[in-house]
Amino acid sequence: MLRNPVGLSYAVVTLLAALGVADAALFAAAVDVRLLMTGDLKDHPDPEGFGHMGVDVAAALQVIVQLALTVVFIVWFHRVRKNAGVFAPDVHRGGPGWAIGAWFVPIASLWWPRSVAVGTWRASRRDPYGDGKGEGESLAVLNWWWAFWIMTDAVSLFATSVYDDADTVEEFAAGAGLLMGAAALDITAIVLAIRFVRRLTSMQHAKATGMIPAA
């Protein structure tokens, strides 16, 4: 049975946008810290105590939004995977339950969810068995989103570690610079994720309502 993913996609896009706002706030706070650490504050008796509240608040906001986004995104992802099983059940490597479980398998979560997404995308095309060269049917947006998401995770972990372990002005400045880079990467990943969610949802909605011929 097909289930409409449109409403869930709106919630996912809204939360992605909210995460982008949190990233922008973190970027601004990190800029502030870097300027403080490389400016006149270097001569302050306690420079490490200045300028960090903004980073802490933005990071906390990121965590809250990310938790909500994770839940809603996985619910949407599971729904579009189940729909894809109706469209073309033979293009998938596993059952729809892996649209949830694949995210929680250590190490394999770096590629397994993408495999589920690829199968879902292909099944949602006009022709699931075609070459995918139709308008808007290329896997490029999915591949770019996944690449930036993996890069963001790696850089964010490293940047957070450097910043949290900093003891000197120079180390705080370096950590803040890395946080800026991580935030910029995440914003790029968010833009790509929004395009992925909207396009896949649109493909499924059009196919389910007969706006395009099913294969």
Side-chain angles (χ1 to χ4, degrees), residues 4-39 41 48-80 99-100 103-104 109-110 113-114 117 136 140-166 172-203 205:
N4 193 341
V6 174
L8 279 171
S9 75
Y10 292 154
V12 173
V13 168
T14 299
L15 287 168
L16 282 167
L19 184 59
V21 171
D23 285 334
L26 179 62
F27 185 93
V31 169
D32 187 45
V33 169
R34 186 168 176 81
L35 290 175
L36 287 170
M37 293 300 112
T38 56
L41 202 62
E48 294 86 351
F50 272 69
H52 305 306
M53 183 175 293
V55 170
D56 293 340
V57 170
L61 180 60
Q62 272 187 323
V63 171
I64 293 170
V65 176
Q66 185 68 62
L67 287 173
L69 173 60
T70 298
V71 173
V72 178
F73 181 89
I74 289 178
V75 172
W76 168 84
F77 194 56
H78 182 251
R79 180 167 296 186
V80 294
I100 299 172
W103 298 95
F104 301 100
S109 61
L110 294 174
R114 179 192 170 276
V141 66
L142 189 163
N143 291 332
W144 279 112
W145 159 59
W146 193 257
F148 271 91
W149 183 74
I150 294 297
M151 285 191 292
T152 297
D153 266 11
V155 174
S156 293
L157 285 172
F158 180 65
T160 301
S161 176
V162 171
Y163 188 84
D164 289 346
D165 292 341
F172 273 114
L178 288 170
L179 288 177
M180 290 163 56
L185 277 175
D186 200 31
I187 289 172
T188 303
I190 286 168
V191 172
L192 293 167
I194 289 174
R195 291 190 61 190
F196 165 68
V197 170
R198 293 186 61 183
R199 183 56 194 154
L200 180 53
T201 301
S202 175
M203 288 164 62
H205 180 68

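Bear in mind that the values here come from a model prediction, so they are computed numbers and not experimental data.
Side chain of Ser202 to main chain of Arg199: no donor-acceptor pair is present (N/O by atom type, distance under 3.5 Å, no hydrogens or angles). In this structure a side-chain-to-backbone donor-acceptor pair under 3.5 Å is missing from Ser161 to Leu157.
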Report all side-chain donor-acceptor pairs from residues 175-185 shorter than 3.5 Å, counting only partners two or more places apart or in another chain.
none

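Each of Thr70, Leu69, Leu67 was compared with Leu15 under the side chain to side chain contact (heavy atoms under 4.5 Å, CB included) criterion, and only Leu69 meets it. The residue from Ile74, Val80, Val72 that alone fulfils the side chain to side chain contact (heavy atoms under 4.5 Å, CB included) condition with Trp76 is Val80.
Note that the OH atom of Tyr10 and the CZ atom of Arg198 stand 8.5 Å from one another [nearest 0.5 Å]. Taking OG of Ser9 as the start and CD1 of Ile194 as the end, the distance is 11.0 Å to the nearest 0.5 Å. We find the CG-CD distance between Asp186 and Gln66 to be 7.0 Å, quoted to the nearest 0.5 Å. Distance check: Ile190 CD1 to Trp145 CH2 gives 12.0 Å after rounding to the nearest 0.5 Å. Once rounded to the nearest 0.5 Å, the distance linking CG of Asp56 with CG of Leu61 reads 12.5 Å. In this structure, Asp153 CG and Phe158 CZ are separated by 15.0 Å, a value rounded to the nearest 0.5 Å.
Aromatic rings of Trp149 and Phe196 (six-membered ring for Trp) have centroids beyond the 6.0 Å cut-off, not under it.
Across all their heavy atoms, Phe77 and Pro113 have their closest contact at CZ-O, 3.6 Å. Nearest approach of Ala30 to Val55, heavy atoms of both residues: N-CG2, 4.0 Å. In terms of heavy-atom proximity, Leu19 sits nearest to Gln62 at CD1-O, 4.0 Å. Residues Ile187 and Ala24 approach most closely at CD1-N, 4.1 Å, considering heavy atoms. Contact between Val197 and Thr201 at its shortest, heavy atoms only, is O-OG1, 2.7 Å.
Within 6.0 Å of CH2 in Trp144 there are 12 or fewer heavy atoms belonging to other residues, nucleotides or ligands.
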